[in-house]
Number of protein chains: 2
Amino acid sequence: MPTRVNALAEQLLETLEEQGYRSTSPRRAVAQAIANQDKHFTAEDLREQLPSLGRATIFRSLKLLVETGVVCRVLLEDGDLHYQLSHRGHHHHLLCVECGASQDLLGCDIEAVLKQTSASHGFELSGHWLEVYGRCKSCSSGELAAV
Amino acid sequence: MPTRVNALAEQLLETLEEQGYRSTSPRRAVAQAIANQDKHFTAEDLREQLPSLGRATIFRSLKLLVETGVVCRVLLEDGDLHYQLSHRGHHHHLLCVECGASQDLLGCDIEAVLKQTSASHGFELSGHWLEVYGRCKSCSSGELAAV
DNA sequence: GGCTTATTGATACTAGGTATCTATACGCTA
DNA sequence: TAGCGTATAGATACCTAGTATCAATAAGCC
Ligand SMILES: [Mn+2]
Ligand SMILES: [Mn+2]
Ligand SMILES: [Zn+2]
Ligand SMILES: [Zn+2]
């Protein structure tokens with residue numbers, strides 16, 4: 001029986017279809033599983049939640065979704081690479097080192113200063129990768145409450 | 001016979017000794033090999049250049065050097081993780097996507113703007129990871145010459 | 001030179017991901 | 001809505017980068 005998907009998962013599938021990829025049962029399952037995550041996740045997380053799917057299929061689906069921009073990679077402070085639902089286009093992440101929450105940073109206001117810094121080194125800027133680590137609002141206020 | 005090392009390699013070894021690590025023959029070989037690299041490298045690169053050393057030894061030496069800060073990790077635009085000799089302390093890299101050259105960016109002038117952006121999201125900044133991609137001076141001028 | 005302990009290298013193991021290949025199922029078209 | 005060509009799935013083997021284990025060795029201190 002075909003996997004039922006919610007609106008968010010439906011969006012992921014539509015993005016793939018727009019690119020000419022078929023909407024298959026495994027892809028629906030992966031899309032729904034991703035839509036169900038409440039924070040960044042690994043391919044292994046998905047695999048545990050979708051034990052009936054082939055491992056390669058999960059990696060392949062993830063790769064397509066990253067390529068089309070609806071899922072992005074997140075570099076954790078310890079070097080681990082995770083995935084998460086993404087705003088399309090260029091953006092960064094505020095990653096809470098305490099609870100692991102991730103918040104997208106949409107406006108990229110470092111581009112201007114980077115351009116200038118690069119230029120002063122004779123370097124022609126074309127892109128950058130930035131991850132920001134710290135403590136989210138609720139983790140900061142939690143500490144105050146605990147004191 | 002003990003491996004002869006040059007001044008740069010000697011510095012790496014001294015850093016380890018300061019931390020209480022012994023100056024062994026394999027570590028001298030690794031330090032010298034790192035000092036010989038003219039750009040960022042992988043553990044596998046070192047292994048090819050030091051075929052007589054155990055693979056684990058190379059990873060262990062690299063890890064120590066990264067921990068003591070004299071070698072740093074560099075995230076290439078394609079996601080590959082490389083190593084390179086490092087200025088100690090916080091800094092970033094200008095990575096040429098054409099020739100692969102890497103230049104250290106010592107002053108971190110994005111800290112201020114990041115702090116402000118984070119604060120506006122209720123986020124308490126504690127650190128960040130930034131890699132900058134583009135084209136180095138010689139690659140940019142090379143294109144002009146070729147036209 | 002001898003002793004203690006850190007370190008080595010062999011080996012096996014892990015995580016995360018890709019290549020290959022046959023069987024299947026999408027989805028278009030008649 | 002049956003049939004068909006092609007994309008895709010899943011099994012499997014393989015790969016890169018790294019870690020755990022452990023017996024043998026070598027630093028370095030007295
Ligand atoms: Mn994102
Ligand atoms: Mn560096
Ligand atoms: Zn938090
Ligand atoms: Zn260059």
Side-chain angles (χ1 to χ4, degrees), chain A residues 1-3 5 10 12-34 40-68 71-76 78-84, chain B residues 1-3 5 10 12-34 40-68 71-76 78-84:
Chain A
M1 77 221 106
T3 312
V5 298
E10 191 57 47
L12 300 182
L13 292 166
E14 274 167 24
T15 308
L16 291 186
E17 288 181 73
E18 279 164 25
Q19 307 288 320
Y21 296 109
R22 295 182 180 174
S23 172
T24 67
S25 169
R27 281 179 186 158
R28 277 191 292 278
V30 169
Q32 184 57 59
I34 290 176
H40 46 77
F41 55 88
T42 61
E44 183 58 25
D45 290 334
L46 294 186
R47 213 171 69 81
E48 283 167 16
Q49 292 161 38
L50 303 168
S52 66
L53 296 198
R55 209 168 73 95
T57 300
I58 289 177
F59 279 107
R60 281 187 288 233
S61 302
L62 262 177
K63 193 179 194 180
L64 286 184
L65 291 167
V66 168
E67 277 165 12
T68 56
V71 165
C72 65
R73 278 185 255 256
V74 191
L75 183 67
L76 303 196
D78 64 6
D80 262 23
L81 194 61
H82 285 218
Y83 298 88
Q84 69 178 23
Chain B
M1 81 223 98
T3 313
V5 298
E10 190 57 47
L12 299 183
L13 291 167
E14 274 168 23
T15 307
L16 291 186
E17 288 180 74
E18 280 163 24
Q19 307 288 321
Y21 296 108
R22 293 182 182 174
S23 173
T24 67
S25 168
R27 282 179 185 157
R28 276 191 294 277
V30 168
Q32 185 56 59
I34 291 176
H40 46 80
F41 55 89
T42 61
E44 183 59 25
D45 289 335
L46 295 186
R47 212 172 69 82
E48 282 166 17
Q49 292 162 38
L50 303 168
S52 67
L53 296 198
R55 211 170 70 95
T57 301
I58 289 177
F59 280 106
R60 282 188 289 234
S61 302
L62 262 178
K63 192 179 196 181
L64 286 183
L65 291 167
V66 168
E67 277 165 12
T68 55
V71 164
C72 63
R73 278 184 255 255
V74 191
L75 183 66
L76 304 196
D78 64 5
D80 262 23
L81 194 62
H82 285 219
Y83 297 88
Q84 68 177 24

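Chain letters run A, B, ... following the sequence lines, proteins first, then strands; residues in each count from 1. The structure displayed is predicted, hence computed values, not measured ones.
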### Task
Under 4.0 Å between any heavy atoms, over every strand shown, what does B:Arg27 touch: base, sugar-phosphate, or nothing? Just pick one.
sugar-phosphate
### Task
Give the minimum heavy-atom separation between A:Ala29 and A:Leu53, together with the two atoms involved.
CB-CD1, 4.2 Å
### Summary
One should read off an interatomic distance between A:Ile34 CD1 and A:Gln84 CD, to the nearest 0.5 angstrom, of 11.5 Å
### Summary
Under a 4.0 Å heavy-atom criterion, DNA chain D is touched by chain B from D:dA17 to D:dG28
### Summary
For A:Thr68 and A:Leu65 the tightest heavy-atom approach is OG1-O, 3.2 Å
### Message
Please list, in numerical order, the residues of residues 48-56 of chain A that have a heavy atom closer than 4.0 Å to any atom of DNA chain C.
### Response
A:Arg55, A:Ala56
### Task
Produce a footprint string for nucleotides 22-30 of chain C: one letter per nucleotide, 5' end first; B if the base is under 4.0 Å from any protein heavy atom, S if only the sugar-phosphate is, - if neither.
---BBS---
#### Entry: Criterion side chain to side chain contact (heavy atoms under 4.5 Å, CB included) on B:Leu62 and B:Val30, from CA distance to verdict
CA-CA 8 Å; B:Leu62 262 178; B:Val30 168; 5.5 Å; no
### Message
Let me test you: for the helix from C:dG1-D:dC30 to C:dA30-D:dT1, what is the angle between the axes at its two ends (five pairs each), rounded to 10 degrees?
### Response
30°
### Query
Whole Å only: how far is the CZ atom of B:Phe59 from the P atom of C:dA12?
18 Å
### Task
In whole angstrom, give the distance that lies between atom NZ of B:Lys63 and atom C1' of C:dT7.
15 Å
### B:Arg73 side chain reached by B:Tyr83 side chain, heavy atoms, under 4.5 Å
yes
#### Entry: Sub-4.5 Å side-chain heavy-atom contact between A:Thr57 and A:Arg60
yes
### Task
Decide yes or no, distance alone: a donor-acceptor N/O pair under 3.5 angstrom between the base of C:dG9 and the side-chain of B:Arg60.
yes
### Message
Between P on C:dA15 and CG on A:Leu76, what's the gap in Å once rounded to a whole number?
### Response
17 Å
### Message
I need the CZ-P distance between A:Arg73 and C:dG16, as an integer number of Å.
### Response
13 Å
### Summary
In short, A:Arg27 meets A:Tyr21 closest at the heavy-atom pair NH1-CB, 3.6 Å
### Query
Do you know the tightest heavy-atom contact between B:Leu46 and B:Ala33?
CD2-CB, 4.0 Å
All N/O donor-acceptor pairs, side-chain side in residues 13-20 of chain A, below 3.5 Å, sequence neighbours left out:
from	atom 1	to	atom 2	distance (Å)
A:Thr15	OG1	A:Gln11	O	2.8
A:Thr15	OG1	A:Arg88	NH2	3.1

### Task
Specify the closest pair of heavy atoms between B:Glu10 and B:Val5, including all atoms of both residues, with the distance to one decimal.
OE1-CG2, 3.2 Å
### Message
Filter on salt bridge (Lys or Arg N to Asp or Glu O under 4.0 Å), then keep only pairs touching residues 42-51 of chain B, sequence neighbours left out; what's left?
### Response
B:Glu44-B:Arg47
### Task
Could you check B:Leu64 against B:Glu67 for side chain to side chain contact (heavy atoms under 4.5 Å, CB included), going step by step and ending with a plain yes or no?
CA-CA 5 Å; B:Leu64 286 183; B:Glu67 277 165 12; 4.0 Å; yes
